[in-house]
Amino acid sequence: MSRSSQVVDSTFESAGEKAGLEIWCIENSRLVLVPKSSHGKFYTGSAYVVLNTVLLKSGPPQHDIHYWLGNEANKVDSALASDKALELDAALGSCAVQYREVQGQETEIFLSYFRPCIIPVKGIYSSQSRKSNGETYKISLLTCKGDHVVHVKEVAFSRSSLNHNDVFILDTASKIFQFSGCNSSIQERAKALEVVQYIKEHKHGGKSEVATIEDGKFVGDPDVGEFWSFFGGYAPIPRDSPSAVQQQPDTPSPKLLWITLQGKLSQMGTNSLDKDMLEKDKCYMLDCGNEVFVWMGRNTSITERRTSISASEGFLRSQGRSIGTHVTFLTEGLETAVFRSYFDSWPQTTETKLYDEGREKVAAIFKQHGHDVKELPEEDFEPYINCRGILKVVWRVDEDEVCLLPPSEHTKLFSGDCYIAQYTYPGNERDENLFYAWLGRGSAMEDRVYAISHMSAIVDSSRGEPVMAQVIQDKETVQFFLILQTLIVFKGGLSTRYKKFIAENGIVDETYDEKKVALFRVQGTSPNNMQAIQVDQASRSLNSSYCYILQTGTSVFTWIGNLSSSSDHDLLDRMIELINPTWQPISVREGSEPDIFWNALGGKTEYPREKEIKGCIEDPHLFTCTFTEGYLKVKEIYNFTQDDLTTEDVFVLDCQREIFVWIGCHSNVKSKHQALSLGVKFLETDILVEGLSLETPIYVVTEGYEPPLFTRFFTWDPSKAKMHGNSFERKLAILKGRTSSVEVPVRNSWKGYSGETTPDGLRSKSVISNGLWRSASPASNISGTKLNSSGGNRRASSITPISRKLFPGSTPYRGGSGSPTVKSISPSENGKAIQVDGSDSHSENAKAIQVGGSDSDVISLIFSFERLQVNSKDPAKDIDAAKREAYLSEEEFQEKFGMTKQAFYKLAKWKQNKLKLALNLF
């Protein structure tokens with residue numbers, strides 16, 4: 001079913017090439033494109049085809065096709081819209097999910113395209129321009145249902161249409177009234193206000209008055225009297241009878257039916273559904289009662305698919321099903337999570353980028369034959385919180401108490417223990433705190449429970465609503481690694497419960513000892529993100545994609561995998577210095593190992609030799625969650641925005657590799673520990689049937705204190721996050737223009753990331769508001785940092801005042817005579833360095849050079865070659881002695897080293913040191 005083999009309507013020729021909505025309407029038995037200015041305006045007598053295209057971060061575009069049928073549309077137009085939707089799917093390569101939408105019964109994903117609502121217009125769509133005939137404004141009464149997407153329906157303008165359960169909008173020529181039934185939820189009332197705003201702007205030109213009426217309140221309010229005057233005066237609304245209240249029907253067991261080539265349905269003779277029952281050359285219908293799915297195998301023709309669609313619609317008519325029964329059409333390979341959830345087993349598939357995978361394998365083959373091939377770049381990750389903070393406190397759990405670790409042990413963890421870490425970083429106007437509970441893979445369950453409980457107690461008693469996270473060993477996020485910068489994980493443990501467990505079970509104590517054999521896998525992406533993980537000392541633990549450190553007790557080996565990169569080799573050298581600077585390792589490349597190496601690992605066995613390929617990460621999904629009597633009810637919010645985060649609710653943002661639990665201020669979840677339990681329950685549910693690991697990291701975020709780590713998934717307005725009142729009161733304040741009275745702190749969703757433009761990509765020493773310094777790692781010092789902020793791209797050096805520019809909410813030192821003197825360097829008119837604290841400048845040989853082009857840009861120091869040499873008689877001061885070459889100008893660097901700085905820093909570390917030694921810079 002290739003695109004070229006199908007006769008495609010000319011209006012579909014460029015369909016799906018750009019992100020966003022494309023809408024067509026059936027007019028005079030042909031398809032016409034609806035202009036963007038008319039998107040969201042649907043006529044009750046017409047049929048439409050709607051295409052939504054999403055360009056994902058990785059992989060092909062995602063397409064959803066909907067055909068919408070007005071209640072007054074004729075059968076010919078409705079059938080043609082169904083056919084055109086199938087034709088559009090074929091034109092897109094049969095890679096779209098199709099939905100049938102009926103007026104008043106639309107799916108939530110369809111309504112999410114047209115926020116806040118769609119209000120169908122009487123009549124038939126015409127591509128010709130319409131002229132207003134100046135008719136008298138018609139009063140209309142609308143009912144609004146829905147907490148996050150709103151179903152708007154016009155009802156008879158009569159008192160009898162009102163009830164206590166719903167929210168109504170009375171639209172008159174001069175004023176718009178919202179009437180809220182006493183049994184309606186706050187969220188429904190708030191969403192209805194968005195509809196009021198929509199009507200005010202689109203039907204009244206923004207000039208209409210707005211009034212809100214509460215059910216049962218009618219004394220002393222002129223708006224109430226005016227509202228009831230349209231209905232002939234006030235009269236009580238009768239209570240709904242029990243029969244009038246909609247009862248949830250019993251959900252029948254799903255039935256799978258095979259659709260024959262003649263369009264007949266044949267039920268599969270089993271109550272248990274398995275994916276293997278679906279054959280590629282057939283079409284099936286899955287009847288789930290209030291929703292129906294039509295599954296079409298990859299090898300079916302467009303004629304077979306058209307027949308299956310007609311058969312399913314005929315089946316619903318013959319069964320007398322409600323017109324609101326949702327029908328979804330799926331092509332093999334594009335099954336939705338809801339569809340897959342009806343099957344007892346649905347194998348997980350890891351999608352990889354075939355092109356990238358092929359390039360990786362070709363590069364690996366060339367490297368194995370000794371050719372230097374440029375690898376694909378590592379996955380680009382930008383930390384979304386300020387990584388210039390400090391690990392303020394790290395505790396290790398030991399039974400029912402915690403032990404404070406000295407700073408030198410903060411990044412040395414044992415897999416048999418649990419730890420609590422407090423990371424403090426400068427935000428705007430205040431310091432922010434992020435608490436982690438790191439649970440070692442071999443830790444005792446009692447220690448895990450106590451670690452979570454103790455961390456929750458600390459967070460709940462802290463000011464400022466810190467973010468809290470649970471992380472399990474081997475499932476750490478990149479953000480966690482970037483905060484720690486360097487991490488060493490040893491086998492074994494020091495806690496009492498761990499020691500007791502191995503003693504009771506006769507397990508050998510594997511706790512790390514320099515005298516024992518130990519194997520470490522070195523991993524990471526930069527000096528700001530590198531780890532050494534102790535693994536089983538066996539050859540099966542090796543992997544050609546990594547470098548390793550083998551400690552035998554008498555000697556130390558470094559093992560370099562054939563698929564590892566030059567950056568991996570640099571991290572290997574740095575890790576050696578971190579674990580034990582006195583080691584003199586023997587370097588071994590894969591394939592040239594001596595016998596003593598294999599003997600230390602218990603002999604040579606097979607191990608993975610292929611490049612590790614990471615699966616594609618889809619865009620995040622937002623869910624509203626309610627947790628009552630041990631049962632978790634989850635509902636997805638499609639095309640979500642910040643406005644969907646209603647203060648009365650709890651939400652889970654599923655990012656696959658991590659999840660965020662967001663707690664509204666007015667929700668019934670009152671503790672972080674309770675929120676964390678909800679997150680664990682969400683992982684167990686795996687609502688998207690995506691194979692979500694129960695060990696996925698969980699973050700708990702409180703409304704009003706959302707970190708950029710969370711807000712990066714939204715177009716974030718800080719003023720909304722700090723408004724007072726419930727959802728309805730907030731929406732009403734916005735509608736009536738009272739938001740200016742709400743005071744909010746200034747919060748900046750900057751995006752920062754580890755700089756690779758500096759000599760070795762290291763981060764500068766940082767200073768936070770408590771005056772504490774933090775360097776990149778014990779093995780290295782600062783060279784620079786790069787980040788994106790609201791002021792554009794800037795490049796930083798290790799000069800202290802720059803920290804104040806990049807993070808204006810942070811004060812490096814808070815007064816007092818004990819504060820160290822801070823030197824600030826700023827460019828003068830002639831470009832020479834000027835010392836603003838009154839002391840002498842370095843000399844005329846040191847010039848302040850602007851990297852950017854404005855006075856606000858970061859500056860860095862340049863020194864002459866003579867002053868940078870180790871034996872200089874006039875040595876440069878206040879420099880990083882390990883990075884002397886970094887202070888040379890580009891021209892002098894080229895002259896002395898015979899290459900650019902960029903080329904130099906791509907060399908292996910030992911080559912860099914050899915060249916620097918020859919020039920007396922090392």
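Throughout, residue positions are numbered sequentially from 1 according to the sequence presented.
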- Modelled atom types, side-chain donor and acceptor of D643 and T641, under 3.5 Å: no
- Message: Set out, in order, the CA-CA distance, both residues' side-chain angles and the distance that settles side-chain contact (heavy atoms from CB on, under 4.5 Å) for F315 and V292, then state yes or no.
- Response: CA-CA 10 Å; F315 171 80; V292 170; 5.6 Å; no
- K475 versus E695, closest heavy-atom pair with distance: CB-O, 3.5 Å
- Looking only at atom types and distance, does a side-chain atom of R305 sit under 3.5 Å from a main-chain N or O of G297, one as donor and one as acceptor? yes
- Message: Distance alone, cut at 3.5 Å: any donor-acceptor contact between the side chains of W438 and E476?
- Response: yes
- Straight-line distance of L678 CG to L683 CG, nearest 0.5 Å: 10.0 Å
- Query: Does any N or O in the side chain of N74 come within less than 3.5 Å of the main-chain N or O of D77, such that one atom is a donor and the other an acceptor?
  - Reply: yes
- Item | D536 side chain to S541 side chain, donor-acceptor N/O pair below 3.5 angstrom | no
- Task: Could you tell me whether a side-chain N or O of E17 sits under 3.5 Å from a main-chain N or O of A15, the two making a donor and an acceptor?
- Result: no
- Backbone of C144 reached by a side-chain donor or acceptor of E188 within 3.5 Å: no
- Query: Where is the tightest heavy-atom contact between V689 and A337, given as atom of each residue plus distance?
  - Reply: CG2-O, 3.6 Å
- Item | Backbone N/O of H673 and side chain of S677: donor-acceptor pair under 3.5 Å | yes
- Message: Side chains of L632 and F623, heavy atoms from C-beta outward: is any pair under 4.5 Å?
- Response: no
- How long is the span from the CE atom in M296 to the CD1 atom in I259, to the nearest 0.5 Å? 9.0 Å
- Please assess I65 against L92 for the test side-chain contact (heavy atoms from CB on, under 4.5 Å), listing each intermediate value before the final yes or no. CA-CA 10 Å; I65 299 173; L92 295 172; 4.2 Å; yes
- Query: What is the ring orientation for Y67 with F329, classed by angle as parallel under 30°, tilted 30 to 60°, or perpendicular over 60°?
  - Reply: parallel
- Pairing of R321 and D287 as salt bridge, 4.0 angstrom limit: yes
- Short question: side chain of K670, backbone of S667 - any donor-acceptor pair under 3.5 Å? yes
- Message: Could you tell me if the side chain of L273 sits less than 4.5 Å from the side chain of L286, heavy atoms only?
- Response: yes
- Item | Donor-acceptor side-chain pairing of D147 and S185 below 3.5 angstrom | yes
- Task: Kindly determine whether F293 and V338 satisfy side-chain contact (heavy atoms from CB on, under 4.5 Å), including the steps that lead there.
- Result: CA-CA 10 Å; F293 298 89; V338 176; 3.8 Å; yes
- If you measure from CD on E684 to CG on L692, what distance do you get to the nearest 0.5 Å? 11.0 Å
- Given the rule in the salt bridge (charged side-chain N to carboxylate O under 4.0 Å, His left out) test, do R115 and D644 qualify, once you have shown the distances and angles that lead to the verdict? CA-CA 11 Å; R115 292 172 183 261; D644 287 310; 3.0 Å; yes
- Message: Pairing donors with acceptors under 3.5 angstrom, does anything connect the side chains of D64 and N52?
- Response: no
- Item | Heavy-atom closest pair, residues A19 and L55 | CB-CG, 3.8 Å
- Message: Are the side chains of L316 and S312 in contact, using a 4.5 Å heavy-atom criterion?
- Response: no
- Item | Residue pair A675 / V700: nearest heavy atoms and the distance that separates them | CB-CG1, 3.8 Å
- Please state whether the rings of W295 and Y284 are parallel, tilted or perpendicular, taking 30° and 60° as the class boundaries. tilted
- Message: Is any side-chain heavy atom of T624 closer than 4.5 Å to one of Q187?
- Response: no
- Query: Between Y699 and Q479, does any side-chain donor sit less than 3.5 Å from a side-chain acceptor?
  - Reply: no
- Side-chain donor-acceptor pair present, E648, S727, cut-off under 3.5 Å: yes
- Query: With a 4.5 Å heavy-atom cut-off, do W68 and I23 have their side chains touching?
  - Reply: no
- Query: Do the ring planes of F343 and F339 sit parallel (below 30°), tilted (30 to 60°) or perpendicular (above 60°)?
  - Reply: tilted
- Can K84 and E87 be counted as an ion pair, charged N to O under 4.0 angstrom? yes
- Taking all atoms of both residues into account, what is the closest heavy-atom pair of I109 and N639, and its distance? O-ND2, 4.1 Å
- Item | Expected output: side-chain R441 to main-chain Q473 donor-acceptor under 3.5 Å | yes
- Indicate yes or no: at least one non-hydrogen side-chain atom of D89 is less than 4.5 angstrom from one of H63. no
- For the residue pair I659 and G679, what are the closest heavy atoms and their distance? CD1-O, 3.7 Å
- Message: Are the side chains of R100 and Q105 in contact, using a 4.5 Å heavy-atom criterion?
- Response: no
- Could you state the interatomic distance from CG (L645) to NE2 (H148), rounded to the nearest 0.5 Å? 9.0 Å
- Task: Could you tell me whether a side-chain N or O of H151 sits under 3.5 Å from a main-chain N or O of G146, the two making a donor and an acceptor?
- Result: no
- Query: When you check the gap from the basic side-chain N to the acidic O, do D649 and K635 get nearer than 4.0 Å?
  - Reply: no
- Distance flag, aromatic centroids of F110 and Y99, threshold under 6.0 Å: no
- Query: Is it the case that Y450 and R448 place a side-chain donor and acceptor less than 3.5 Å from each other?
  - Reply: no
- Item | Verdict with supporting geometry, L21 and V50, side-chain contact (heavy atoms from CB on, under 4.5 Å) | CA-CA 7 Å; L21 285 174; V50 178; 3.9 Å; yes
- Message: Using modelled atom types and a 3.5 Å cut-off, is there a donor and acceptor pairing between side-chain atoms of R298 and backbone atoms of S94?
- Response: yes
- Polar side-chain atom of S301 near backbone of E304 as donor-acceptor pair, under 3.5 Å: yes
- Message: Check for me whether the distance between the ring centres of F640 and F714 falls short of 6.0 Å.
- Response: yes
- Audit row: R340, Y342, side-chain hydrogen bond (donor to acceptor under 3.5 Å, both in side chains) steps and yes/no: CA-CA 5 Å; R340 286 183 277 128; Y342 287 110; over 6 Å; no
- Message: Measuring only between side-chain heavy atoms, which start at C-beta, is L278 closer than 4.5 Å to E332?
- Response: no
- Message: For K282, I'd like to know if atom NZ has over 12 heavy atoms of other residues, nucleotides or ligands within 6.0 Å.
- Response: yes
